[in-house]
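Contents: one structure, followed by commentary.
The figures here come from the full heavy-atom set of this structure, side chains too, leaving out hydrogens, waters and symmetry mates.
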Amino acid sequence: MTSMDVQIRKTAKKYLDEGKVSCVIGYERDSRGRVRPAFIEKPEDADHLIWSSECSLNLVTYLHQRKLSPGKDQPVPKTAVVVRPCDVRAVNLLFAEEQIKRENIKLIGLTCAGTEINGQQRINCKFCQERVPVIYDVLIESDQPIEIPTDKDIYADLEEMESWTAEERLAFWTKEFDRCIRCYACRQACPGCYCFECVAEQVDPHWTSIALDKPEKMFFHVMRAYHLAGRCVGCDACEAACPMDIPLSKLNRKIAKEILDMFDYRTGDTPEDAPLLTCFNPDERLRT
Amino acid sequence: MKVLTQKKLNAWLANLLQTTVVAAPVEAQGKLVYRKIDEVSQIVLDFERTDMSPKTWLFPMTEPILFIEQGVETKLKEPPKPEPIVLFGVRPCDARSLLAFDALFLDKAPEDPQYARHRESTTLVGLSCPQMWESCFCTAVGGAPNSTDGLDILLTQIEEGYAVEVLTEKGKKISANLVFEEKKTSLPDPKLIQGLPSLSKTDEWMALFNDLYWEQLSNSCLSCRACSFVCPTCRCFDVRDELTAIKPGLKKFERLRAWDTCTASGYRRIAGGHNPRDSQKKRLRNRFFCKFMFYPDDFGPLGCVGCGRCIDVCPAGIDILEVIANVEKMTEREKVGG
Amino acid sequence: MPDATKSATRPNMERATELTLPNLATITEIRDLATNIKLIQVQLDDLDVRKKFTYTPGQFVEISVFGVGESPFGLASSSDRGSKIDFAVSRVGTVTDALFRLDVGDQIGMRGPLGNGFPMEEFKGKNILVLGGGIGGAPLRPIIQTIFDNREDYGTVTILWAARSPDLLVFTEEYDEWCAQPDVEMYLTVDNAPEGWEHEEGLITALIEKINPSPKNTITVTCGPPIMIKFTMMTLEKLGFQPKQNWVTLEAKMKCGIGKCGRCNLGEVYICTDGPVFCFENVQGFLESFV
């Protein structure tokens, strides 16, 4: 048990005891020792909460289950959620898109040295320059010093891919998506994907085939990447969720890099940011 | 006991490849899946469990079940009979999933014609497990690492090569030219995982249908499809007509069926909007009840073979073995009197 | 231990294609039944199939608009009355929208008959209470037709038809013919009655209570939206009807129609093969609610 575990538990207990929230979403270990999401509703259960470098799922996606009133004349539930610096950008995105209200959320922010998928540090973590969430209600700091790199290009890993020709890139992605089983785990794990009925599943209009193993499935990924342009916060939850270990973050990070280059914009910097591609800002200019 | 050396096995497979399609575990970008092989050297046999189950060969992810031509007349055509195939290197748990498929798709009238065609054309050669691996629980659901259910031939790795059990007429047919050595040793017992929970009976599951446990469990479910798609026994499917060609005066369609899952939010939504399974709790609960109560009550076999793939892939850490253990605990609590 | 060799034998293919391969049928008539509801009448093209195609009230068919899709529809006419087959279509989705654009002479596909039907033999000698909500009246029409074609075999017939408004009542042009039969009473009710409406106003449950039918020797058959079925059953119980006297037909998204794809399952029950007709006594025992 680390000092962060202790503080997270204390904070959760306090919020629940004081009735500030009806649920605290955090991380816990299952009977096999693996990390999984925890939904704490009673103060005494707060002792399940932990934090470690294995906590790689973005919990913000669970806020979509708790953003509406459960019934007639019932209030929207209040929720506390444990957030890493990348997660909290997703929260800002949801504020900007008016999906959740600030007063219904308590953010338990964590300083973070990076998390892992299958023992390997996530790409976003390698190049992350934040380590401290941009907004929070409570900040729980690690007792280990966290270095904040300032001189790294946050998209350095894309250099290789950018040096390829269009044909080489197509060949690469065709090969990667060959093993996709269209399980939509990437979409479901993503905090930015919350459409009631996804375009990939609509019958009317019939945008895309239901075929799971034909090349059409690449359409789903490319379309999803486009729908996340200017919205993806780089949490890599999609890649963490993928059962076939497809390097999805490469696609989304490439688009995020384009957005940064073109508009000098990183998603989720502040709660007041308007969504980039849906709001026309007369002052914006293409960076040349 | 009949024995084949590795060399003889390779020769046999190479021979089979001359006359029939062979699908076996191969590596595809770091994942193990069952694909058609061109050479015996492509086969990977040193594995615990493949990432996708071989059910894809009997119940493909996507397949047309009808071809439609609309011109001056409307013409309907059924898909052709698939070519015979030998599915090689099937683990006993995956082979047992055929019991579940056969019970619904063949034994319960009317037969599913497409599945029946695949089933008839496929011969299964299994590879028994020397031990149970992490996440495995085949013994908790009536299976075993060396079970012969659903297989036509079972191979067990031994020092000299492979012990061979020919189990069915189909198995005899493809092994007719093999000359085995006879050895007097007996096969080693596979190493089992001890202390697995015991599966509660269907009526015990029924008593727990409205328990709060399902609500708590489903909080973390993302309603994706990862568990259903890696599962060797899941069989729900969607059907849709799709355009394949359009020329002046002629349109061609195929009626496709594709894997679907009861965990998807829109699964039970009817035109008009009504959705009886509108909450995650109802959907996830249905998944477990279908496997351990509805399916066996309706068709006989369990809807789970204990392969453990869902445990490995679930992004939200939902563990089917933990569910079985919790149901066992809750059942005991009920028995003792709350 | 199940026999591994059992399924290796040659499966019986003939039976399979009977219900899985669509039969071509041509549209012989289309008429407006109510607002956004049409009655489509078809006749099977193949004469052999046409001769063999008989069904009981309550069964359904899967209709294909080729290239668009397939949807289930309750059969809305008695097969004893000839080879022309009626079904009612409410425009709510892709396939129904495509059906609305078809004309007399167009071809569709039909798979069936699927599901189970009402046990008309068991109903003989009993009084029948027919409760239809909206387009739910369509699958009940074959019951009415069968009873009138064999009038002496059945007791009194009381028909309660409900809809949200008068323009949503189905088969209005047949009511006089029905009421002309001996021992038949018919009542209509709408949620919103316009000026000049001569019948009842309110939900069907209120009408049932008002009529106060006797449960003695009576069978009820109900078809309508799930919520209507739920409250109708509660009202009937209040009036002394036992669940085993009440028969319902349930709706679900049915794709394969033969109990394989899992889409229509309600717990252990597959609506397409164990139903869609159920005795309410059984429905009460379902683990999952149909509402």
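Using a 4.5 Å cut-off between heavy atoms, B/Phe59 makes no contact with chain C at all. Only the side chain of C/Pro226 comes within less than 4.5 Å of a heavy atom in chain B; its backbone stays farther off. Of the atoms belonging to B/Arg235, heavy atoms from both backbone and side chain fall under 4.5 Å from chain C. C/Asp45 does not touch chain B: none of its heavy atoms, backbone or side chain, sits under 4.5 Å away. When heavy atoms are compared at a cutoff of 4.5 Å, B/Phe209 approaches chain C solely by way of its side chain, counted from C-beta outward. Only the side chain of C/Cys256 comes within contact range of chain B, with heavy atoms under 4.5 Å apart. Of the atoms belonging to C/Val65, it is backbone heavy atoms, and not side-chain ones, that fall under 4.5 Å from chain B.
Summarising the geometry, atom CG belonging to B/Leu66 is positioned 9.0 Å from atom OG1 belonging to C/Thr20; distances are rounded to the nearest 0.5 Å. Interatomic distance, B/Asp298 CG to C/Glu268 CD, rounded to the nearest 0.5 Å: 5.0 Å. Distance check, rounded to the nearest 0.5 Å: NZ of B/Lys108 to OG1 of C/Thr273 gives 4.0 Å.
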| Where do C/Leu266 and B/Arg268 land on the side-chain contact (heavy atoms from CB on, under 4.5 Å) test, with the steps shown first? | CA-CA 10 Å; C/Leu266 203 58; B/Arg268 285 284 267 115; 3.2 Å; yes
| request: With ring-ring contact (aromatic ring centres under 6.0 Å, His included) as the test, would you mind laying out the steps for C/Tyr270 and B/Phe299 before giving the verdict? | output: CA-CA 12 Å; C/Tyr270 285 75; B/Phe299 313 115; 5.8 Å; yes
| request: Check step by step if side-chain contact (heavy atoms from CB on, under 4.5 Å) holds for C/Phe66 and B/Leu76. | output: CA-CA 10 Å; C/Phe66 293 116; B/Leu76 303 178; 3.6 Å; yes
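Using a 4.5 Å heavy-atom cutoff, the side chains of C/Lys260 and B/Phe237 are in contact. Taking 4.5 Å as the limit, every side-chain heavy atom of B/Asp241 sits out of range of all side-chain heavy atoms of C/Glu70.
Using a 4.0 Å cut-off between charged side-chain N and carboxylate O, B/Asp260 and C/Lys255 make no salt bridge. We find that C/Glu288 and B/Arg277 are joined by a salt bridge, their nearest charged nitrogen and carboxylate oxygen being less than 4.0 Å apart.
Nearest heavy-atom pair across C/Leu19 and B/Pro110 is CD1-CG, 3.9 Å. Shortest non-hydrogen contact noted between B/Pro276 and C/Ser289 is CB-O, 4.4 Å. B/Cys236 and C/Gly262 make their closest contact through SG-CA, 3.8 Å (heavy atoms, listed as atom of the first residue, atom of the second, distance).
Heavy-atom pairs under 4.5 Å with chain C were tallied for B/Arg240, B/Lys251, B/Arg255; the largest tally goes to B/Arg255. Counting heavy-atom pairs under 4.5 Å between each of B/Tyr295, B/Phe289, B/Tyr267 and chain C puts B/Tyr267 at the top. For chain C, the option among B/Leu243, B/Thr244, B/Asp238 with the highest count of heavy-atom pairs below 4.5 Å is B/Asp238. Between chain B and the options C/Leu287, C/Ile258, C/Val92, the largest number of non-hydrogen pairs under 4.5 Å is found for C/Leu287.
Within 6.0 Å of atom CE in B/Met330, more than 12 heavy atoms from other residues, nucleotides or ligands are found, so the atom counts as buried in its surroundings.
Between B/Phe294 and C/Phe286, the distance separating the two ring centers is not shorter than 6.0 angstrom.
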